[in-house]
Amino acid sequence: MEYLNELNPPQRAAVTTVEGPLMIIAGAGSGKTRVLTYRIAYLVEQGVDPFQILALTFTNKAAREMKERISKVIGETDARSLWMGTFHSVFARILRAESDKLGFPSNFSIYDTDDAKSLLKTIINELGLDDKTYKASTIYNRISSAKNALVTASAYQKNEILKAEDDEALRPRTAEIYALYTGRCFKASAMDFDDLLLKTYELFLRYPEVLYKYQNRFQFLLVDEFQDTNFAQYSIVKQLAALYQNICVVGDDAQSIYAFRGANIQNILDFEQDYPDLKTFKLEQNYRSTQCIVEAANHIIANNRGQIPKTVWTQNEKGNKIKLYRALTDNEEGQFVASSIHETHLRDHTPHDQFAVLYRTNAQSRALEEALRKLNVPYRIYGGLSFYHRKEIKDLLAYIRVVINPADEEALKRIINYPARGIGKASLDKMFVSAADNDISLWEVIENLEALGLGLGTGIRTKIEEFRFMMMRFQGALMTANAYDLAAEIAQHSGLLQDLYSDKSPEGVSRYENVLELLNGIKEFADREENLPDGRPILPAFMEDVALLTDADESDDDTTPKVSLMTIHAAKGLEFQEVFVVGLEDSLFPNQQNMHSRAEMEEERRLFYVAITRAMKQLSISYSTTRYRYGSLMHSEASPFITELNQEHIEPIAARRAGGNAPDPFRRNISSSFSIPAHSRLRKVSETGTASASNNVSDYKVGMLVKHNRFGQGKIIGIDGPAGQKTATVLFKESGEKRLLLKFAKLDILGAGE
DNA sequence: CCAAAGATTGTCACA
DNA sequence: CAATCTTTGG
């Protein structure tokens, strides 16, 4: 335990306080990771079974790194039984194990943002709503905020405040869309990112015995980056900690930069209320940066109100001033950055991976890339259009998703006619209508194609059948075949590889290579995970990893030291000798959309604070007076954040325009009603259950009067089809003639007819 | 049904 | 300037 000597008094106290609620307020660069690592090691040395420790981190990478560091202290065997991961990945695992309680299969799909928006778009179109008023992304954000505040679809429908807001925004049917969306996800056996939190909370709320199991399983909880947890995450943590109260949270209110995702600094303040015998330790000594950088950062953050009082200080050297560069174009800004790095590298032999270029938006990376490439400076871009977001990759992944979970409608939609196999929009539309009419999944329509009729030509029907048999063959191989072999077989047999191969353009070739690369990745994953204890097939495990990947998680096998290019968000938790923060322009940083309220401005300022505090030795900031945005050249002014800096800390590199007057950013105060009070309770959910009308197929006779919950009253005018696929033709009063599969249609019998 | 050409629209950060 | 949607001609 000699490592305790490496710690300063508050750090040591944070490490050795084993039981009870504990909050560690960790200033930037104050050795937070070290404290977390040693704390876990200490727990284990005090006799806590590592199996009973759960550590929730912000990225998978952070979890991996911490695990590595811990295994050096306590040994690999113990370290391996620790549970560490992001909220989403840990809860996804729990949900798969307990999915039956929520009516989901354990192989449920995880919808990413694109899937969710695409589904919303479909729903909005089906309702015949104007997609300008009801933009999928707006609705998505609205639903996401609701879920992060633990408001289910049914609770949303009953909520007057939300209703009033939606009415005011001229989107009165948002609640209805939310309900339909939830139903469609359920039917597709899919959960979106927010569901992974909401449903975990629901699970624990509705099944106390399940909660009890996990409370005992995880007797010691650690939450990293606590300032970036949202209400749903905090609520689940509270559920888990309720029994033993051994909960340690670590965070820094000054570095909260995910309010847009529902993160809530309020959680820190609530924490003190929720756990009255809470112990709090503050880590205030910065070991990372020079005095100049620490002072500049403190000076900036002092402009924010309502912080947890703390004084970050350092014993490090004074250091150089912050370099400020004013460029005339974004390209010139890139040249400044690239040549600075180039020169420093030549002069001091600073390795390239000790430089980072940080920007507010991903779109800014291009000019920087070009400039670095010109000077042959190796670099690596994090985030942006990452590997797994490329079309060809998503296509192959969609095949695998359907093989794992045929109900996955978004994935199925993507591949049913790609590569082109003659199943066009018209046919698809008919199938969708039938799926909706019968309240079944698209895949079930495909399985019951004959019985449903649908008026499709024989040619089309054969094509759909061929597709179905191909997919069934893959599905049959899922449990037995080797993951790589199956994935390669899918890529080959689906025609995906041939389709890409036939495109000889440079982009086409690279797409082809990307798919091969993905197959390689699967092979590597399979080799690595081969001897995992649980006998579940590799491919689903791989898919889960991919679905919950963070931008910061992507690995790079090339070990050449490279300059890091990333957004400030992605840089959270990292440190570099020399940091360039670029694009400090009004309405870019702070960003246009975040300048309308004090709260938004403060979040942008915290973002700037995070950017500054990544630097150890040297910080440079820059802006440009013109910049290409939306494809045309725009004039820009210096960011107000530049004027907020103490001028003593700055050394201008080029003449800069005097005192850029920023427009007053504090005009209006837009508030959101999603800050739900902590005691608000989730309403019993009903949308996961099945509806009424469980008659037997044989009960229905021609001539009967029936009622359908969507089409209303009607009369059965014919029944046909083979056993097991009996189909009724019903003449509805309102909607006319429909063909419904009896085993799915929920038809209430109103009378025997004449 | 599909490819190519033309029109439109949006880009703030993320699991 | 992209990526995406819509139109058009085969």
Side-chain angles (χ1 to χ4, degrees), chain A residues 56-62 85-92 110-118 121 125 131-132 135-138 140-141 144 147-148 191-197 225 228-230 232-233 256-263 330 358-367 382-386 388-391 417-429 457 459-460 463 503 544-553 566-572 583 587-596 600 603-604 606-608 610-611 627-634:
Chain A
L56 294 162
T57 58
F58 199 73
T59 63
N60 297 301
K61 190 174 157 215
T86 62
F87 279 91
H88 289 86
S89 63
V90 168
F91 297 160
I110 296 174
Y111 273 0
D112 68 12
T113 314
D114 289 344
D115 297 322
K117 284 182 186 167
S118 144
K121 198 171 201 172
N125 282 336
D131 57 6
K132 300 275 188 300
K135 278 200 299 197
S137 53
T138 313
Y140 175 80
N141 288 330
S144 173
K147 285 183 178 173
N148 285 327
M191 296 194 193
D192 65 23
F193 291 137
D194 303 311
D195 285 334
L196 296 177
L197 307 177
E225 309 284 7
D228 288 322
T229 54
N230 60 38
Q233 291 167 324
S256 163
I257 53 174
Y258 282 95
F260 71 91
R261 205 169 87 187
D330 42 1
L358 308 181
Y359 35 78
R360 177 68 237 265
T361 69
N362 278 308
Q364 288 166 253
S365 67
R366 183 184 311 188
Y382 291 77
L385 227 207
S386 73
Y388 290 99
H389 290 254
R390 288 163 207 249
K391 182 185 175 301
N417 197 33
Y418 177 77
R421 46 177 73 87
I423 308 172
K425 194 178 178 311
S427 321
L428 255 181
D429 280 347
I460 294 278
K463 286 170 184 160
D503 183 351
E544 176 143 330
D545 259 35
V546 168
L548 299 175
L549 222 52
T550 323
D551 275 345
D553 289 333
M566 60 180 99
T567 62
I568 301 166
H569 284 90
K572 188 167 79 151
S587 77
L588 179 63
F589 188 17
N591 196 270
Q592 182 71 52
Q593 282 133 106
N594 272 4
M595 298 173 68
H596 305 300
E600 287 174 331
E603 171 137 325
E604 293 284 313
R606 288 192 298 268
L607 197 53
F608 187 41
V610 169
R627 179 176 297 277
Y628 274 95
R629 291 180 86 180
Y630 297 100
S632 55
L633 196 64
M634 313 266 254

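So you know, we letter chains A, B, ... as the sequences are listed, proteins then strands, and number each from 1. The figures here come from the full heavy-atom set of this structure, side chains too, leaving out hydrogens, waters and symmetry mates.
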- Task: Describe, in one word, how the ring planes of A/Tyr258 and A/Phe260 are oriented to each other, choosing from parallel (under 30°), tilted (30 to 60°) and perpendicular (over 60°).
- Result: tilted

- Query: Roughly how many Å is it from NZ in A/Lys391 to P in C/dA3, rounded to a whole number?
  - Reply: 13 Å

- Message: Can you tell me which nucleotide in B/dT11, B/dA13, B/dG10 comes closest to the side chain of A/Lys135?
- Response: B/dG10

- When rounded to the nearest Å, what value does the distance between P atoms of B/dA13 and C/dT4 take? 15 Å

- Regarding the side chain of A/Ser427, the nearest nucleotide among B/dC1, B/dG10, B/dA13 is B/dC1

- Would you find a donor on one side and an acceptor on the other, under 3.5 Å apart, between the side chain of A/Asp330 and the backbone of A/Arg629? no

- For A/His569 and B/dC12, what is the distance between atoms NE2 and P respectively, to the nearest whole Å? 12 Å

- Item | For A/Thr361, the option from A/Ile568, A/Leu588, A/Thr567 that meets side-chain contact (heavy atoms from CB on, under 4.5 Å) | A/Leu588

- Quickly work out the A/Asn230 CG to B/dC14 C1' distance and round it to whole Å. 12 Å

- Message: How many whole angstroms separate atom OH of A/Tyr382 from atom P of B/dC14?
- Response: 14 Å

- Note on the structure: When A/Asn60 and A/Ser137 are each assigned the nearest nucleotide of DNA chain B, the 5'-most assignment goes to A/Ser137

- Within a radius of less than 6.0 Å around CZ of A/Arg421, do more than 12 heavy atoms belonging to other residues, nucleotides or ligands occur? yes

- All side chain to side chain contact (heavy atoms under 4.5 Å, CB included) counterparts of A/Asn594, not counting sequence neighbours: A/Arg360, A/Glu600, A/Glu604

- Nearest-Å distance, CG (A/Asn594) to C1' (B/dT11)? 13 Å

- Are the side chain of A/Asn417 and the backbone N or O of A/Ile423 linked by a donor-acceptor pair below 3.5 Å? yes

Would you tabulate the pairs of protein nitrogen or oxygen atoms and nucleotide nitrogen or oxygen atoms of nucleotides 4-9 of chain C closer than 3.5 angstrom?
from  : atom 1 : to       : atom 2 : distance (Å)
C/dC5 : OP1    : A/Lys121 : NZ     : 2.6

- Item | Side-chain donor/acceptor of A/Asp115 to backbone N/O of A/Asp112, under 3.5 Å | yes

- Query: Under the 6.0 Å and 45° cation-pi test, does A/Lys391 pair with A/Tyr418?
  - Reply: yes

- Item | Face-to-face stacking of A/Phe260 with B/dA13, centres under 5.5 angstrom, angle under 30° | yes

- Message: From CD of A/Glu603 over to C1' of B/dC14, roughly how many Å is that when rounded to an integer?
- Response: 12 Å

- Message: Is A/Asn362 close enough to B/dC12 that one of its side-chain N or O atoms is under 4.0 Å from OP1 or OP2 there?
- Response: no

- Given B/dC1, C/dC1, B/dA13, which nucleotide is nearest the side-chain atoms of A/Ile460? B/dC1

- Message: Pick the closest DNA chain B nucleotide for A/Asp194 and for A/Ala426 by heavy atoms, then say which residue is nearer the 5' end.
- Response: A/Ala426

- Task: Looking only at side-chain atoms of A/Thr567, point me to the closest of B/dC1, B/dC14, B/dC12.
- Result: B/dC14

- Task: Looking at every strand, decide which applies to A/Tyr258 at a 4.0 Å heavy-atom threshold: base, sugar-phosphate, or nothing.
- Result: sugar-phosphate

- Item | Base B/dA13 to side chain A/Arg360, donor-acceptor N/O within 3.5 Å cut-off | yes

- Task: Starting at atom CZ of A/Phe589, determine the distance to atom C1' of B/dT11, rounded to an integer number of angstrom.
- Result: 17 Å

- Atom CG of A/Asn591 to atom P of B/dC12: distance rounded to whole Å? 6 Å

Hey, what are the protein-to-nucleotides 2-9 of chain B N/O distances that come in under 3.5 Å?
from  : atom 1 : to       : atom 2 : distance (Å)
B/dC2 : OP1    : A/Gly422 : N      : 3.4
B/dC2 : OP2    : A/Asn417 : ND2    : 3.1

- Message: Could you report the tightest heavy-atom contact between A/Lys117 and A/Ala136, atom names first, then the distance?
- Response: O-CB, 3.6 Å

- Task: Looking at every strand, decide which applies to A/Arg629 at a 4.0 Å heavy-atom threshold: base, sugar-phosphate, or nothing.
- Result: nothing

- Query: Side chain of A/Asp228, backbone of A/Ile257: donor and acceptor closer than 3.5 Å?
  - Reply: yes

